[in-house]
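What follows is a single structure, written as structure tokens, with notes after it.
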Amino acid sequence: QVQLVESGGGLVQSGGSLRLSCAASGLTFSNYNMGWFRQAPGKKREFVAAVSWVGITYTADSVKGRFLISRDLAKNWVYLQMNSLKSEDTAVYYCAAGARLLRGSYDYTTLAQYKNWGQGTQVTVSS
């Protein structure tokens, strides 16, 4: 079965950087759209960034210019480079995978489009 394992979270000062990693297994990685979502305490899980199965990236406005998603097709890894971190970036970050659609359009920002999720990794930004 599909398994996603995140790593790289931790405590960082405001203005600092972290890189999250997600190891994917049990899937044909090149056929999957990969996303990062986050959930802060008391808030809904929200879209952060995604990379489509053909390599097109999408980034939420709230992190645009600070966060960058990338992937390694050879190793089945997806990364989230987070720079200029702010206290409001504090959240549990989740890696997600959704198979490419054979027809129709894929909404990369919607949780329901992703059928597989990791367990999450905590990111805490201290001010």
Side-chain angles (χ1 to χ4, degrees):
Q1 71 276 19
V2 176
Q3 187 173 14
L4 304 173
V5 180
E6 302 99 334
S7 59
L11 175 64
V12 63
Q13 288 189 332
S14 180
S17 298
L18 280 176
R19 188 176 84 153
L20 304 184
S21 301
C22 173
S25 59
L27 75 170
T28 304
F29 191 66
S30 59
N31 286 341
Y32 274 72
N33 304 300
M34 302 297 296
W36 286 98
F37 289 75
R38 66 186 182 186
Q39 188 167 16
K43 294 189 177 181
K44 294 182 179 179
R45 194 170 299 189
E46 65 176 5
F47 169 75
V48 176
V51 54
S52 74
W53 67 280
V54 294
I56 299 172
T57 60
Y58 305 83
T59 309
D61 287 343
S62 59
V63 303
K64 197 164 290 183
R66 301 189 297 121
F67 291 12
L68 180 67
I69 188 170
S70 61
R71 64 178 182 172
D72 186 329
L73 286 174
K75 297 181 179 179
N76 287 11
W77 283 77
V78 63
Y79 305 99
L80 184 68
Q81 178 66 44
M82 305 186 295
N83 300 322
S84 302
L85 283 161
K86 305 175 181 179
S87 57
E88 52 261 44
D89 295 319
T90 295
V92 177
Y93 283 72
Y94 297 91
C95 177
R100 68 181 180 104
L101 299 179
L102 297 179
R103 61 172 62 90
S105 60
Y106 192 98
D107 185 348
Y108 297 91
T109 67
T110 301
L111 276 70
Q113 294 276 265
Y114 298 86
K115 302 305 181 186
N116 306 102
W117 293 82
Q119 81 288 350
T121 186
Q122 176 70 47
V123 171
T124 303
V125 184
S126 62
S127 56

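All residue numbers refer to positions in the sequence shown, counting from 1. As a basis for the values below, the full set of heavy atoms in this structure was taken, side chains included, without hydrogen atoms, waters or symmetry mates.
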Under the side-chain contact (heavy atoms from CB on, under 4.5 Å) test, which residues partner [X], sequence neighbours left out?
| X | value |
| --- | --- |
| Val12 | Leu18, Leu85, Val125 |
| Ala91 | Arg38, Ala40, Tyr93 |
| Ser17 | Gln81, Asn83 |

Do you know the tightest heavy-atom contact between [X] and [Y]?
| X | Y | result |
| --- | --- | --- |
| Ala49 | Leu80 | CB-CD1, 4.1 Å |
| Gln122 | Val92 | OE1-CG2, 3.2 Å |
| Trp77 | Ser21 | CZ3-CB, 3.4 Å |
| Leu11 | Ser126 | CD1-CB, 4.3 Å |

Should [X] and [Y] be regarded as members of a common hydrophobic cluster, given that ILVMFWY residues are connected when their side-chain heavy atoms come within less than 4.5 Å of each other, either directly or indirectly?
| X | Y | result |
| --- | --- | --- |
| Met34 | Leu73 | yes |
| Val78 | Tyr94 | no |
| Leu27 | Leu101 | no |

Arg100 (side chain) donor-acceptor with Ser30 (main chain) under 3.5 angstrom
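Side chain of Arg100 to backbone of Ser30: no pair is present.
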
Residues clustered with Leu102, ILVMFWY side-chain links under 4.5 angstrom
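Listed partners: none, Leu102 stands alone.
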
Just to verify, what does [X] make a ring pair (Phe, Tyr, Trp, His ring centres under 6.0 Å) with, not counting sequence neighbours?
| X | value |
| --- | --- |
| Phe37 | Phe47, Tyr114, Trp117 |
| Trp53 | none |
| Tyr108 | Tyr58, Tyr106 |

How many angstroms lie between atom CG of Leu4 and atom CG of Asn76, to the nearest 0.5 angstrom?
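If I round to the nearest 0.5 Å, the distance is 10.5 Å.
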
From CG (Asp89) to CZ (Arg66), nearest 0.5 Å:
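Between atom CG of Asp89 and atom CZ of Arg66 there are 4.0 Å.
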
Quick one: salt bridge (Lys or Arg N to Asp or Glu O under 4.0 Å) partners of [X], sequence neighbours excluded?
| X | answer |
| --- | --- |
| Lys64 | Asp61 |
| Glu88 | none |
| Arg19 | none |

If we only count heavy atoms from C-beta on, is the [X] to [Y] side-chain gap below 4.5 Å?
| X | Y | answer |
| --- | --- | --- |
| Ser87 | Ser14 | no |
| Tyr79 | Asp72 | yes |
| Gln119 | Glu6 | yes |
| Gln113 | Asn33 | no |

How would you list all residue pairs meeting disulfide bond (SG atoms under 2.5 Å apart) that involve residues 96-127, not counting sequence neighbours?
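Found none.
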
Hey, could you give me each pair passing disulfide bond (SG atoms under 2.5 Å apart) that has a residue in residues 21-66? Not counting sequence neighbours.
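Checked against disulfide bond (SG atoms under 2.5 Å apart) - neighbours excluded - the pairs reaching residues 21-66 are Cys22-Cys95.
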
